[in-house]
Engineer: 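Here it is, the structure in full.
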Amino acid sequence: MGHYKSNLRDIEFNLFEVLGRDKIYGTGPFADMDVDTAKSVLSEIARLSENELAASYADADRNPPVFDPRTNTAPVPDSFKKSFAAYMDAEWWRLGIPEEIGGTTAPRSLLWGFAETILGSNPAVWMYASGPAFAGVLYDEATDEQRKIAQRMTDKQWGSTMVLTEPDAGSDVGAGRTKAIQQPDGTWHIEGVKRFITSGEHDMAENIIHFVLARPEGAGPGTKGLSLFVVPKYDFDWETGELGERNGVYATNVEHKMGLKASNTCEMTFGAKHPAKGWLLGEKHDGIRQMFKIIEFARMMVGTKAIATLSTGYLNALEYAKERVQGADLTQFMDKTAPRVTITHHPDVRRSLMTQKAYAEGMRALVLYTAAVQDEILIKEAAGEDASATHRLNDLLLPIVKGYGSEKSYEQLAQSLQTLGGSGYLQEYPIEQYIRDAKIDTLYEGTTAIQGQDFFFRKIVRDQGQALTVLSEEIKKFLAGATGGEELATAREKLARAAVDLEAIVGVMLTDLAATEQEVKSLYKVGLNTTRLLLASGDVIVGYLLLKGAAVAAEKLAGAQEKVVSDKDVAFYLGKIAAAKFFAETVLPGVAVQRQQAESVTTELMELPEEAF
């Protein structure tokens with residue numbers, strides 16, 4: 001058994017005791033995935049994650065892929081190949097991709113529930129295995145003829161990449177200069193250099209399909225001028241999948257990274273040696289919308305990965321704390337003969353552990369709550385109903401999952417390491433690697449600053465606050481019902497105050513935005529608050545979800561005398577209540593501080609000369 005510690009009990013608690021997924025599994029579009037089958041899937045993937053997938057986690061970090069400039073290759077270590085093969089051979093990747101290309105329809109809540117265990121045990125496995133998921137996007141967007149590519153990708157288990165970033169453009173995707181030149185036969189030749197391309201080169205699949213944003217000759221500037229092209233590493237027969245000539249796309253460097261070293265992050269050069277042939281996806285110039293179908297999936301993955309890493313970091317720290325004997329109980333610290341105790345007896349260790357627990361479990365609830373919203377989208381669309389409002393709610397939640405989830409996970413992993421003291425700094429324990437591997441989550445698929453801007457300008461302002469209002473009303477309804485009884489009354493009051501403070505932050509920012517009609521520099525004040533708003537929103541939503549779970553736990557404990565509840569479940573439910581109350585007491589009051597700071601923001605910082613920094 002490897003480093004990874006899953007929390008299957010909490011995943012199932014959220015799915016079936018809090019979010020009511022038992023009522024929709026086995027029905028509608030999920031008719032073939034009932035609760036028993038889903039629990040079996042979760043159990044099997046958790047077992048695989050804790051063993052075969054986790055087995056190569058440390059070795060692939062210590063012995064990472066090495067780029068060979070002579071051959072433009074970067075082979076992965078044999079230990080990692082074994083883990084990857086174990087996952088691909090088990091074929092769980094078929095869940096959630098279109099049935100037409102060999103997939104199985106599955107609830108998104110189940111998909112992200114089991115994704116947590118894979119991403120927590122060895123995240124590079126999930127990343128290299130993206131081919132079938134990307135094939136699903138290709139299938140949805142492609143022409144009938146191009147759908148054969150999606151079929152080959154699934155049948156052959158080919159790899160895939162999303163190719164956006166350029167060295168000079170960075171996150172400003174619309175500034176990309178990679179160009180596409182149409183050929184007489186209808187194909188396109190891609191020319192340019194892209195950077196930070198995950199899984200751009202490896203030796204675990206015979207072919208890699210690159211999804212490349214490029215600007216057709218003559219197209220306009222900005223993101224609207226970009227189109228999405230399908231560019232294979234090797235040309236191939238669309239009917240049989242048989243490989244042909246090497247295409248003109250090559251890895252020309254693999255980055256030397258702080259962490260996540262098993263995952264090749266490549267510079268990719270198109271058309272330098274010979275033409276890089278590609279096909280316009282769907283034969284329509286709609287690249288940024290098409291690519292965002294992949295980006296949104298990737299952002300959900302990043303948030304889930306971060307949160308999964310915090311969960312196993314916390315559980316490793318907890319195990320250590322329960323075994324590490326050091327010092328006497330604080331009430332006996334003057335007694336030199338007092339017995340030594342495990343560090344879980346020390347107040348500050350308990351404070352740290354409960355903080356980690358509250359964030360890990362609260363953000364797991366956030367991921368699964370968002371995934372449940374995605375379930376509702378699939379259910380409504382399958383029934384031919386309007387799912388636009390549900391899409392907007394999902395869009396609102398995604399930057400919180402990604403931005404808040406990655407920031408708070410990285411922050412709390414430092415606490416996990418601190419629990420181990422000096423031992424945490426050693427490679428004998430996994431937490432130092434968790435921290436290195438998790439830092440990337442705040443950076444890729446849009447930094448936290450970008451998530452904050454997206455959250456306010458697109459998901460609130462452009463949406464006219466519709467999705468935010470739906471979520472706010474849901475929280476108010478929960479509070480009005482006094483769910484959880486007297487035991488949670490104080491925590492509910494703190495959530496109510498935090499929700500009011502959050503609404504005030506939004507109000508301040510909307511006022512500053514409106515003021516730009518008279519003074520354009522007022523927009524700076526908005527920009528200084530966007531990340532603050534994102535993180536405060538995460539605190540309120542996580543606080544709400546923790547309390548929602550705690551209310552269920554309180555109800556289960558209240559009925560424990562009539563119905564047999566095991567000692568293990570009693571402890572579990574007590575922990576849910578304690579985490580919710582602790583978060584309400586120690587984190588939610590901070591939203592009032594954020595409101596005060598938002599209300600006092602000026603443009604003074606923006607007027608400071610650059611030389612003063």
Side-chain angles (χ1 to χ4, degrees), residues 6-27 34-36 38-39 42-43 107 109-110 112-113 116 307 311 314 353-355 357-373 375-376 470-499 539-588:
S6 68
N7 197 338
L8 189 59
R9 177 67 182 92
D10 198 39
I11 293 172
E12 293 186 350
F13 170 74
N14 279 283
L15 291 177
F16 305 122
E17 297 180 62
V18 180
L19 297 172
R21 299 299 87 191
D22 51 310
K23 295 180 178 63
I24 63 126
Y25 286 16
T27 68
D34 59 24
V35 173
D36 288 342
K39 286 184 175 180
L42 288 167
S43 178
S109 53
L110 176 64
W112 292 111
E116 177 191 318
I307 292 158
S311 178
Y314 159 64
L353 288 170
M354 186 55 73
T355 306
K357 174 183 172 70
Y359 274 109
E361 295 182 3
M363 293 192 297
R364 172 180 294 113
L366 170 65
V367 166
L368 296 178
Y369 174 78
T370 305
V373 171
D375 286 348
E376 300 308 315
V470 168
L471 185 57
S472 177
E473 291 301 318
E474 181 181 323
I475 295 173
K476 289 175 182 176
K477 183 179 178 181
F478 169 80
L479 291 170
T483 314
E486 186 62 29
E487 183 171 15
L488 296 177
T490 301
R492 287 195 304 273
E493 290 172 9
K494 291 183 182 295
L495 174 61
R497 284 199 292 271
D539 282 342
V540 170
I541 296 169
V542 165
Y544 159 59
L545 293 172
L546 282 170
L547 273 172
K548 190 173 182 179
V552 171
E555 184 180 349
K556 293 293 178 75
L557 290 175
Q561 293 181 341
E562 292 79 30
K563 187 177 180 181
V564 177
V565 177
S566 69
D567 290 345
K568 192 172 183 180
D569 270 348
V570 168
F572 175 82
Y573 291 135
L574 287 173
K576 301 307 292 185
I577 294 169
K581 291 168 69 174
F582 185 85
F583 193 88
E585 292 163 3
T586 62
V587 176
L588 289 183

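When a residue number appears, it is its place in the shown sequence, counting from 1.
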Engineer: Assess whether a salt bridge exists between Arg21 and Asp375, defined as any Lys/Arg side-chain N lying under 4.0 Å from an Asp/Glu carboxylate O.
Structural biologist: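 Answer for the salt bridge query: yes.
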
Engineer: Side chains of Lys357 and Phe582, heavy atoms from C-beta outward: is any pair under 4.5 Å?
Structural biologist: no

Engineer: List the steps, then state whether side-chain contact (heavy atoms from CB on, under 4.5 Å) holds for Phe572 with Ser566.
Structural biologist: CA-CA 10 Å; Phe572 175 82; Ser566 69; over 6 Å; no

Engineer: I want to check something: taking the side chain as every heavy atom from C-beta on, are Met354 and Phe583 in contact at a cut-off of under 4.5 Å?
Structural biologist: no

Engineer: So do the side chains of Leu15 and Leu42 get within less than 4.5 Å of each other, counting heavy atoms only?
Structural biologist: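 Yes; the side chains approach each other to less than 4.5 Å.
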
Engineer: Indicate whether any N or O donor in one side chain lies under 3.5 Å from an N or O acceptor in the other, for Tyr314 and Glu361.
Structural biologist: no

Engineer: Side chains of Ser43 and Leu8, heavy atoms from C-beta outward: is any pair under 4.5 Å?
Structural biologist: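 When only atoms from C-beta onward are counted, Leu8 and Ser43 do touch, with a gap below 4.5 Å.
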
Engineer: Got a second to check how far Ile11's CD1 is from Arg9's CZ, nearest 0.5 Å?
Structural biologist: 11.5 Å

Engineer: Which residues pass the side-chain contact (heavy atoms from CB on, under 4.5 Å) test with Thr490, not counting sequence neighbours?
Structural biologist: Lys494

Engineer: What's the shortest heavy-atom distance between Ser311 and Asn7, and which atoms?
Structural biologist: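 Answer, listing the atom of Ser311 first, then Asn7: OG-CB, 4.2 Å.
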
Engineer: Keeping the roles fixed (side chain from Arg492, backbone from Glu486), state whether a donor-acceptor pair exists under 3.5 Å.
Structural biologist: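 No, because the side chain of Arg492 does not come within donor-acceptor range (under 3.5 Å) of the backbone of Glu486.
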
Engineer: Once rounded to the nearest 0.5 Å, what's the spacing between atom CZ of Phe478 and atom CG of Leu547?
Structural biologist: 5.0 Å

Engineer: Do we see a donor-acceptor contact under 3.5 Å between the side chains of Ser109 and Tyr369?
Structural biologist: no

Engineer: Are Leu557 and Ile577 close enough, and set up right, to give a side-chain contact (heavy atoms from CB on, under 4.5 Å), and what steps lead you there?
Structural biologist: CA-CA 10 Å; Leu557 290 175; Ile577 294 169; 3.8 Å; yes

Engineer: Does the side-chain contact (heavy atoms from CB on, under 4.5 Å) test come out yes or no for Lys556 and Asp569, once each step is laid out?
Structural biologist: CA-CA 9 Å; Lys556 293 293 178 75; Asp569 270 348; over 6 Å; no

Engineer: Does either side chain, that of Glu17 or that of Tyr573, offer a donor lying less than 3.5 Å from an acceptor on the other one?
Structural biologist: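 Glu17 vs Tyr573: donor-acceptor pair found between side chains.
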
